[in-house]
Structures are given as structure tokens and as C-alpha cells.
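Read the structure below first, then the notes.
In what follows, every chain begins at residue 1, and chains take the letters A, B, ... in the order their sequences are listed.
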Amino acid sequence: MGRAPSFKELVERIPYIGVSLEHVRPKEIKIEYNPNRPDLGIITGVAKAYNGITRHETGLVSYETKDGGYQLNVDESVEPVRPHVAGAVVKKIPMDEEALKDIIALQEDLHQTIGRSRRKVSIGLHNLEVVNFPVHYRAVSPGTAGFVPLDQEEELTCEEILKKLETGRRYGPILGDKDLYPLIVDDQQKILSFPPIINSELTRVDAETVDLFIDVTGTDLPRIQDSLNILVTSLADYGAEVFHVDVRAGGNSLKTPDLSTRRMKVNAGYIEDLLGVDLKRQQIIECLEASRLGASATGGELMVEIPPYRADIMHPIDIVEDVAIGYGYWRIAPDIPKTFGLGKSLDSSKLERRICHLMEGAGFIEVMNFTLSSFEKQFTKLALKPKGYVRVHSPKSLENEIIRTWIIPDLLEVLRVSKKEIYPQRIFELGKTIRRENGDVVEEDHLALAITHSKAGYSDVKALLDNLSSLFEFDVRVMETQHPSFIPGRVGLLVSDTREFGILGEVSPAVLENFQLDQPVACLELSISKLPRK
Amino acid sequence: MRVTASQKRILQVLRQVKSADLVGLAERAGIGADQARRSIQELADSDFVKVERRVTDHIRQGANFAVASEKGLPERQIVSALERLGKQAPLEAVRTEAKLSDDEFSAGLGFAVRNNWITLSRPQQETMTTATDPATDPSAEELLIGRLAGERPVLLDELSEVEKEGLEALLSRPDYVELQRMTIQIVTLTGEGFRLSESIEDVPELAEATLLTPELIRTGKWKDVTFRPYDLDAPSFPLPVGRRHPLRELIDEIREIFVSLGFAETEGPLVELAFWTFDALFQPQDHPARDLQDTFYLCEPERRRIKETDLVERVRRTHENGWTTGSSGWGGKWSLEEAERLVLRTHTTVVTGRRVYEVGEKPHKTFTIGRCYRNEKLTYKNTAEFLQVEGIIIDKKASLRHLMGTIQEFYRRLGAEKIRFWPSYFPYTEPSVQTSVYIERLGTWVELMGMGIFRPEVTLPLGVRWPVLAWGGGIERIAMIRYDIDDIRELYKNDLGLLRRRPERLP
């Protein structure tokens, strides 16, 4: 930073560059940066931004590359495998353990964010000393080439790496069932890297390594260049020198990295309107410079210069945010909007609220369960065959394999965990259920209730049903039915003229046993969405 | 002047005895001690009686008392045995018949002779006994034992002369009775009380009732009744009250805040198209949040056709090259198939996004509250489903300051005054803002709602050029602060005990 801000000032101000404080300990602040700004994933990037918003050092930082005659030849065999590559040489890095840790952390963050877990972009860092230029990017058959991978002692073929090494198993699927694997080799045919899996032990980078060769491969050239730019500008901020590499593919030549600035036009009025803050042109320029951009004004138009590490800027709206950050979010005064609106809650919310009040008045405790459930909870324990459910892909927990089709099973579970509580127990839940019907999904709001005590029975819930039907004015008939979860002859479907919309009855002792319940339980569940209201 | 039936009886007794200890008085009046205590207290309050405390001796039963009371003292048992043997019998025969120990027999024999119940004679070789006639007059000791047989402790003062003689005699014999000090309450009639007692038969009687029955009310008999007072501070039985769930209470409160700020509530389905969940919100198709790892995709039905074909085309172009939004877009090829997949919605922004499309360029304020999902394991801070509140303002003149002002007002109404805004990132808003509020009670800042202005890449394809202010946040997080919970699972534990006894918390 070139200066030492007080710890208090840092804690207070650092979020305003656009990061969150994860924790603050004596002498240590841990921040979390957002995935759109991997350039803030390294201490030099944070310092650059912080000096900007505190106005200690503002404006564009310019970067340049030198020519060292480095060349990278791309063989056309990579085209169907991992078509794009860029490279750079960075020298005189003031390397130590701390810097090495930061650089590797940034490399990993770039893999995760822009690189989409190395699928789009992966980066190899090599000790320049052992690399013989020109280097070559080519694809070979899986079994042919062998080298000693990083942190290993013996030579393995690419095929073996994918099978034997953890990193191989993890990132191997990116290559899919390709019959060629990409390799970076130097001019003496030494393998430097097997992207996007692993580097060779030969080019290992450690705290003594001050000169690097960097390769970046992937499927998306702009993202490859963004990643390389963020990495080398961070190293340049450390004080290192950047040399470009001439990437030759077919007859084409591309010098990477390209550290020139981009330009974007933004209207000053657009900025003022969106922020709701009156700003003079010069003020906007100062704000942009505080965000480490360059800017000049011609009338109402601003020409903004964007440094190569700002991959996130894709629209003038992104410039608006940079003005706000440069201005300082803490200085923006909240204001109540004048927008007129008629406040109104949904009819369904009103109905729910009324039902809630009625149930509350009848002495029922409301419970609220998750709507995700399992076959076991929804069907097996209720002596039912699974049917009409909606299942989700690859749940991390088996508790979450389906969405509940009815609520009563959840109520029985609540009674199970509340067995030590005083009886009688009366509970209800108002919530969502989802069923599959005629090839599509049907979402419904349900009311379910359960009553349990030593003499609980059908008449308890029937009384409630009659009460609900008279107060909420819907027609209902109870039709005899067979249902494995209930005692035969004590379970009925709720029907109106046109359709069935619920069930009530006494839970069968076999089901009660499944829930380890030893008091009778009477239940009712009805679809509010289907209530045949008069 | 009206008195209760108990008071009437107490006054009747006192008219005869003038003064008595409270327990004895109750017994003679034939009423329970507790009731007597209350009745006497009322009489004392009206100065009809006065109550004094006094320390006195009372007579307690000893270990041998019970046998003596049941079977009689040894001398009585000897006389009884003799009577059974025909009033005259050899001494040894009487000894056998009486079945007493040697000590008891010889002591009893002495007392029986002293009482003139029997005589001893030796007409020939054997000692003979002859019962005097009548031998049944009770001795002073027996009179005392009879007196003590009741449950009530008998006071020294209450004894007659002959009973006192009996006490004297028994105290000298092993373990029949003993004396103990105690404090008693002596109730004495005052002059006024005496006057009242003289005419007590004419004083109307006030009946005492436990329950006010419909019968008493209907017949008007309640006028002749006094109600037995209760122990007002006695512990009660737990009441099975009905209550709403804490999350419901908070949802209702939040809904009320937004309605009162002029927002109309809206809703949308839980099962949504990836298109509305992600694509329409300019979330790139390779965004990590769209992985199976993070989002619940439906197995069946897996896809649904998107009806809004024109919109689909605009969204596709915006993703691929920015369309006419002025954006560079994400590049690459946008897949319709990916957008047609069905998911459990990951945020309520999908509801407000649809709303922007429906409403178009009209001033509009709307909010939604609903359940969202993400593929997580249940831990103390993460759940696979959660409740969100989300709102938008569509207005030609909407600005970042208005966004901050709206959220500030929302927080204020929830009870938080100190608020902080700082720059953040969401894929569909720019500028983006994160907020935290200072919780006085905890002495810390807590991150709550995220917000921003919808990106032009979101609004322009939806047909809106105006700024759209948007914000959203988790309701459980607010609930955890409100109810002092540090484990999110508590909110979905549904332990009836916790729900029944949870304290009411105001903002």
C-alpha cells in the first residue's frame, strides 16, 4: 500500500471496496471477495482498490509487456480437445513463502471463478529456468506420453494420472472420452504440463522461484486472456516484469498477454439518475479514478478506460457501480422513493391468516415442516405405496429426495418428537404440497391437523371439519374409503359435488407403531386450493 | 348484620363458653378448622370476637396409649378376666385368663385393688379374688384416656378436676401420656359479640357456596350465599393454548410492513423453469449455482416448454452477444434445452422477474414471500429450503438512494436503526448492495438483505427500460435474531414444548 492505515480504519473502510468482512481478529482481517472480482483475491489487488477509495492513490495503473522472444507453437491436434492457449513469462518476482501462497491461491480462485472449475480455463505455473523455448501445445494419445507429475516420484502416463491421482479423478471428466490428451512440452520434448489436470514435477515452483512461465489453456479464449491478465497484473503489482509470448497457431500469431486498456462510453446523466446523486463531470471522473479506472469527459459523454484486470465490466452499468464505489457507499444518503403503490396482500394470504386464527382459537399449535421429504417419511411409514410424487436429481441428503404430497406424515413426526409433552396435543400446519398429475406438477396449499390424547377419535376431527365448513362456507360430504394409513371404517374422503379435496380419519395402530406413538391420533387434511367455496 | 352458618354456630358455642381455643371451638361448633379460621377472622374483623395467642401445655399420647385405649389399662383387663371367670376365681386362673406380662399383671392388680374393683382373700390355701359389685366405675385414668382418644390435642386447661387426677396418675406410669408446649389461639366473645350472640337465632343466615352455579344465578339464591374464598396464588394447571409458529408471526409482520409501505403482494410457483430462475436473470448457463450440486432439478417431469417464445429469443441473444442492451453478453452458445429444465426455485427473484415482464414500464411496487430451495445438507446454519422475502420497485426515476431508503425503512419497522450499506455482487443486479444491521441486544452487526438495480441485460429483454430496484433476503435469519436462536434447525424442530412455551417477542 505504501503506507500503513490504522487497523480500525481498515476494518471500517475495507468493505467499501466491495468485499465482506468474514472475521476480524487482533492483527488479522479476513475478507471475502465476490466471484466477479477475482482481481481482489490477492493482497496487491486489495491494496490497489483500497488506496483508490481512500484517495491515497487514484487513477489507472498502466501495465506493459516486454519482448523476450518467447514463442508458443500450437499444434492443430488440440482443436477438438482443448483448443485455446495463452502464455506469459514473468521475471523478478519478489518471491517468498507468503507471496507464493498468495499467487497459488489466486491461481486456484481463477480456476474456480472464471475457469468454471478448470473446465473453461486452467493455469499452469512453471519455473522458467528449466523451460526451453519455444514451447509446444499439442495433443497425444492417452497411453503414449509419460512424465513425473507434481508431488509424485515416479513417471506416469496421462491415462494413469487420471486413474491414480486424486486430481486426475477430479478433473479427468473435463476431458471426457476424448481420444487425445493435451500437453505442454518444451523444445526438448520435456512435458511441462498436462492441462487441465496437473503440471510436471520438473517445473515445480517454490519460494526460490523468481521467474515464471505461465500457460493458460481452455475452451474460451476471452476468458483465458482475462485470467492471464488478472494473474500477470497482480504479479506486476508485486514489482515483477511481464514478457509476452508469441502464440502461433497455423499461420496466425497472437501476443499474450495483451495488457492494453479497453474503452467504454458512458452517459453522465445515466450515472446520476441511477445513483440519485448530483455529480459534476469532474466529480464523476474523480470517482472513476478512485475506482482505479481512467476517464475523460466530452460534454455529457464520458470515455472510460478500463484496465486489463477488470474482466467484470461488460456494460456501462458496471461503470455506474464503479462511480458509486469511488464516491463511497457510506456517503450515499438513503431516500424514500415517491413511487405510488396500493399496498395489498394476496387473497390467499388473507385466507391463510383467517384459517390460522381459527385454528389458534381452537387451541391448536401451528407447526412448520420442510416440504422436501423422503419415500420413507411420506409413504413407507404410512403403510403406503409411493405414488404421485415429484423426485429431484442428486439430493445431497436422502431426507430430500422428493417433495411431500401430503402433510399428515409430518404431523405424526411432530407428535413423535413431542411425546414427553402434556396431552391433549392439537397441532396444525398450513403448507405446500406438490404432486405429479397427468405429466405435470400440481402445487397445492393444504391445511392438515392432528389431535392426540387418550380418547382422541374421529368425532374430534369431524367436529372441526363441520366447524370449518360452516365458518368458511364450503360444502362437504364425507365418503367412505379404504386407506392403509387409517383404521378401516373410520376414514373418509372429503368430497364436494365435483371433486375430492381431503381426507380425515383415525390413524391405524400399525402406523402409530411406526411413529412409536401410544395414544390414538385423529387427523384431517384438506386442500385449501381446492376448497369448493360458495 | 348477616352471618354465615358456621359463624352462627361459633357464636352459639361462644355464648355458652365465652372463650375457647380455636381448634376446640371448631370441633364443638362441628365445622372444619380451616373454615373456622376464616369465619373467626371475619368475626374478629367486625370486632365480635377477639383472638389471642397463648402458650400452653397439651397432652400427647405415649407409646402405650393405643393399647390402653383399645383394650383398657391392665387393671381393667384383670377385672374383665375375673368377670369372665364368674367374678370369683383363684389368682393364678385370673393371671392366665388376663394374658398380661408379669409386670403389667402385678401393677394392674395393685391399681385394681386401690380402685376397689377387686378384693383379695385367702379362705383356704389358695388366694382368691372377689370382684366388688359394681366394679365397672371408670377410674380417673380411664376418664382421661377416653378424653384423649379424639384426634384433637387436648389442652391442660380443658381438663376437669377428675381428669387432672387421672393425668397425674398416668404421668407417673410408663409411657401412656406426656405433656408438650404449644401456641394456641384463644377466641373470646367481645361485648358486642355477646349482644349479637344473644339474638343469634334471629340473625338471617348467609349460606356459603363453593361454585356459583347457573341454578344459584337463575333462582336469585346467590343473594343468600357467600362464596368461599380461594387460595388466590395457588399453582395452576398448564393451559393448552393455540399458537402460531414463530416463522408465521414474522412472515405476517413482514407482509404488514410492505403492505403498509404501499407494496402489493404477489406469488409464484415453487417448481419453475430454469429459464425464469436463471436465464431471464442473466445468469450464465455455466454458472456454478446452476450445477446439480447446488440446485434441485426435477427428475420427472424434467422439462417444460417455454411459452414466451419472443422473450426466449431476446434472452438468448442477450446471453450470447448482449443483443441491443449494450452488453458484451457471456459469449458462447445459449441452450434452450438447458433453459427448459424444471427446478425447485432457488430464490424468489424468479417471482419478481416474472412480475417485471407482466407489468412492463409502469410505476409498480410489489413483494413476495415464499419458500426457496438449494441442494444442501442440513446443518446448524444451512437448510435445503428456506423462506425469502423479495421486493421490487419499477419507476422511471428510481435510484440507488431510493433502494437504500426503502430497505432502511423496512429495517426500522423491524426494529433496527443502525444500518450499513456496502458494494456487493449479484449476477442480476448492478450496482449491487449488501446490508447489515446493528443488533443492540447482541452488540454485533448482522448481514441481512442483498439488493441492487436489475441489470439492463435482465430488464431490457423483459421489455422494461426503466430502472427496477430489487432486494431480497432470508426470513429465517431475521427469525434467528428475533428469537435468539443460533441453530437454524431449531426453527423447524417443531417441539411442542418449545412452541407452547416460546416467549412472545415484539420487534
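Here B:Lys397 does not pair with A:Asp273 in a salt bridge; the nearest charged N to carboxylate O distance is not below 4.0 Å. Electrostatic pairing of A:Arg436 and B:Glu300 counts as a salt bridge here, judged by a charged N lying under 4.0 Å from a carboxylate O. Classification of A:Arg223 and B:Asp286 as a salt-bridged pair fails, no side-chain N sitting under 4.0 Å from a carboxylate O. Ion pairing of B:Arg248 with A:Glu352 is present here, as a side-chain N (NZ or NE/NH1/NH2) and a carboxylate O approach within less than 4.0 Å.
Interatomic distance, CG of A:Leu275 versus NE2 of B:His402, reported as 12.0 Å (0.5 Å rounding). Of the inter-residue distances, the one linking A:Ile427 atom CD1 with B:Leu499 atom CG reads 9.5 Å to the nearest 0.5 angstrom. The line from CD of B:Glu385 to CG of A:Asn369 is 9.5 Å long, rounded to the nearest 0.5 Å. The CD1 atom of A:Ile365 lies 10.5 Å from the CG atom of B:Asn494; values are rounded to the nearest 0.5 Å.
Ring pair A:Phe370/B:Tyr492: centre-to-centre distance below 6.0 Å.
A donor-acceptor pair is defined here as one N or O able to donate and one able to accept, closer than 3.5 Å; such a pair exists between the side chain of B:Glu265 and the backbone of A:Leu346. No donor-acceptor distance shorter than 3.5 angstrom exists from the side chain of B:Lys365 to the backbone of A:Gly341, with no hydrogens or angles considered.
Annotation: side chain of A:Leu274 is not in contact with side chain of B:Leu400 (no heavy-atom distance under 4.5 Å). In this structure, A:Trp330 and B:Arg420 have side chains that are not in contact, with every pair of non-hydrogen atoms separated by 4.5 Å or more. Here the side chains of A:Lys432 and B:Leu270 are in contact, with some heavy-atom distance below 4.5 Å. Contact annotation: the side chain of B:Thr406 never approaches that of A:Ile336 to less than 4.5 Å [non-hydrogen atoms, C-beta and beyond]. Side chains of A:Lys338 and B:Asp395 form no contact here, defined as non-hydrogen atoms less than 4.5 Å apart. Between A:His315 and B:Glu457, some side-chain heavy-atom pair lies under the 4.5 Å cut-off. Side-chain contact between B:Val433 and A:Tyr329 is present, with heavy atoms from C-beta onward closer than 4.5 Å. Residues A:His393 and B:Leu298 form no side-chain contact, since every pair of their non-hydrogen atoms from C-beta on lies 4.5 Å or further apart.
Contacts of B:Leu378 with chain A are made by side-chain atoms alone, with heavy-atom separations under 4.5 Å and no backbone atom involved. For a residue to count as touching a neighbouring chain, one of its non-hydrogen atoms must lie under 4.5 Å from one of that chain's; by this rule A:Ile332 touches chain B with backbone and side chain alike. For chain B, the nearby part of A:Ile17 is the backbone; its heavy atoms alone come within less than 4.5 Å. Interface remark: B:Ala384 contributes backbone and side-chain atoms alike to the contact with chain A (heavy atom separation under 4.5 Å). Neither the backbone nor the side chain of A:Arg37 has a heavy atom closer than 4.5 Å to any heavy atom of chain B. Residue contact with chain A, scored on non-hydrogen atoms closer than 4.5 Å, involves the backbone and the side chain of B:Val271 alike. Neither the backbone nor the side chain of A:Val323 has a heavy atom closer than 4.5 Å to any heavy atom of chain B. For B:Phe263, the part sitting under 4.5 Å from any heavy atom of chain A is the backbone (N, CA, C, O) and nothing else. Proximity to chain A (any heavy atom under 4.5 Å) is restricted, for B:Thr266, to the backbone atoms N, CA, C and O. Neither the backbone nor the side chain of B:Trp445 comes within less than 4.5 Å of any heavy atom in chain A. With a threshold of 4.5 angstrom between heavy atoms, A:Tyr16 approaches chain B through its backbone and through its side chain. If you measure heavy-atom distances from B:Ile369 to chain A, you find no contacts under 4.5 Å at all. For B:Ser424, the parts lying near chain A are the backbone and the side chain together; criterion is any non-hydrogen pair under 4.5 Å. With a 4.5 Å cut-off on non-hydrogen atoms, A:Thr219 does not touch chain B at all. The parts of A:Ser20 that come within reach of chain B are both its backbone and its side chain, each placing non-hydrogen atoms under 4.5 angstrom from that chain.
Put simply, of A:Asp220, A:Val390, A:Thr113, A:Leu430, the one with the most heavy-atom pairs under 4.5 Å next to chain B is A:Leu430. The choice from A:Lys344, A:Glu272, A:Met314 that makes the most heavy-atom pairs within less than 4.5 Å of chain B is A:Met314. The greatest number of non-hydrogen atom pairs below 4.5 Å with chain A, out of B:Ala264, B:Ser399, B:Cys299, B:Ser328, is found for B:Cys299. Of the residues considered (A:Ser394, A:Ser397, A:Gly431), A:Ser394 shows the highest number of contacts with chain B, using heavy-atom pairs under 4.5 Å. Your options are A:Arg119, A:Lys120, A:Gln112, and the one with the most heavy-atom pairs under 4.5 Å with chain B is A:Lys120. Contact count against chain B (heavy-atom pairs under 4.5 Å) is highest for A:Leu372 among A:Leu342, A:Leu372, A:Asp312. Between chain B and the residues A:Gly439, A:Cys356, A:Ser117, the largest count of heavy-atom pairs under 4.5 Å involves A:Cys356.
Listed here is the closest heavy atom pair of A:Pro316 and B:Gly326: CD-O, 3.8 Å.
Taking a 6.0 Å sphere around NZ of A:Lys350, one finds it holds more than 12 heavy atoms contributed by other residues, nucleotides or ligands. For A:Arg262, the CZ atom counts as densely surrounded, since its 6.0 Å shell holds more than 12 non-hydrogen atoms of other residues, nucleotides or ligands. Counting heavy atoms of neighbouring residues, nucleotides and ligands inside a 6.0 Å radius, atom CZ of A:Arg391 does not exceed 12 of them. For NZ of B:Lys493, the number of neighbouring non-hydrogen atoms (other residues, nucleotides, ligands) closer than 6.0 Å is 12 at most. The environment of CD in B:Glu320 is crowded: more than 12 heavy-atom neighbours from other residues, nucleotides or ligands sit within 6.0 Å.
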Could you go through the salt bridge (Lys or Arg N to Asp or Glu O under 4.0 Å) check for B:Asp495 and A:Lys419 one step at a time?
CA-CA 9 Å; B:Asp495 179 304; A:Lys419 268 175 73 179; over 6 Å; no
Walk me through it: do A:Ser349 and B:Arg255 pass the test side-chain contact (heavy atoms from CB on, under 4.5 Å)?
CA-CA 9 Å; A:Ser349 300; B:Arg255 179 183 291 119; 3.3 Å; yes
Assess the residue pair A:Glu421 and B:Arg501 against the criterion (salt bridge (Lys or Arg N to Asp or Glu O under 4.0 Å)); give the C-alpha distance rounded to whole Å, side-chain angles, the decisive distance to 0.1 Å, and a yes or no.
CA-CA 11 Å; A:Glu421 262 302 303; B:Arg501 291 181 283 275; 2.5 Å; yes
Candidate pair B:Arg244 and A:Phe364, rule side-chain contact (heavy atoms from CB on, under 4.5 Å), full reasoning
CA-CA 8 Å; B:Arg244 285 176 303 160; A:Phe364 283 71; over 6 Å; no
List the steps and the verdict of side-chain contact (heavy atoms from CB on, under 4.5 Å) for B:Arg401 and A:Val277.
CA-CA 8 Å; B:Arg401 288 181 59 201; A:Val277 181; 4.0 Å; yes
List the steps, then state whether side-chain contact (heavy atoms from CB on, under 4.5 Å) holds for A:Asp440 with B:Arg304.
CA-CA 9 Å; A:Asp440 208 347; B:Arg304 187 188 288 158; 3.1 Å; yes
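At a cut-off of 3.5 Å, with distance as the only test, a side-chain donor of B:Tyr373 or A:Thr371 sits close to an acceptor on the other residue.
Take B:Tyr425 and apply the ring-ring contact (aromatic ring centres under 6.0 Å, His included) test, not counting sequence neighbours, and it matches no residue.
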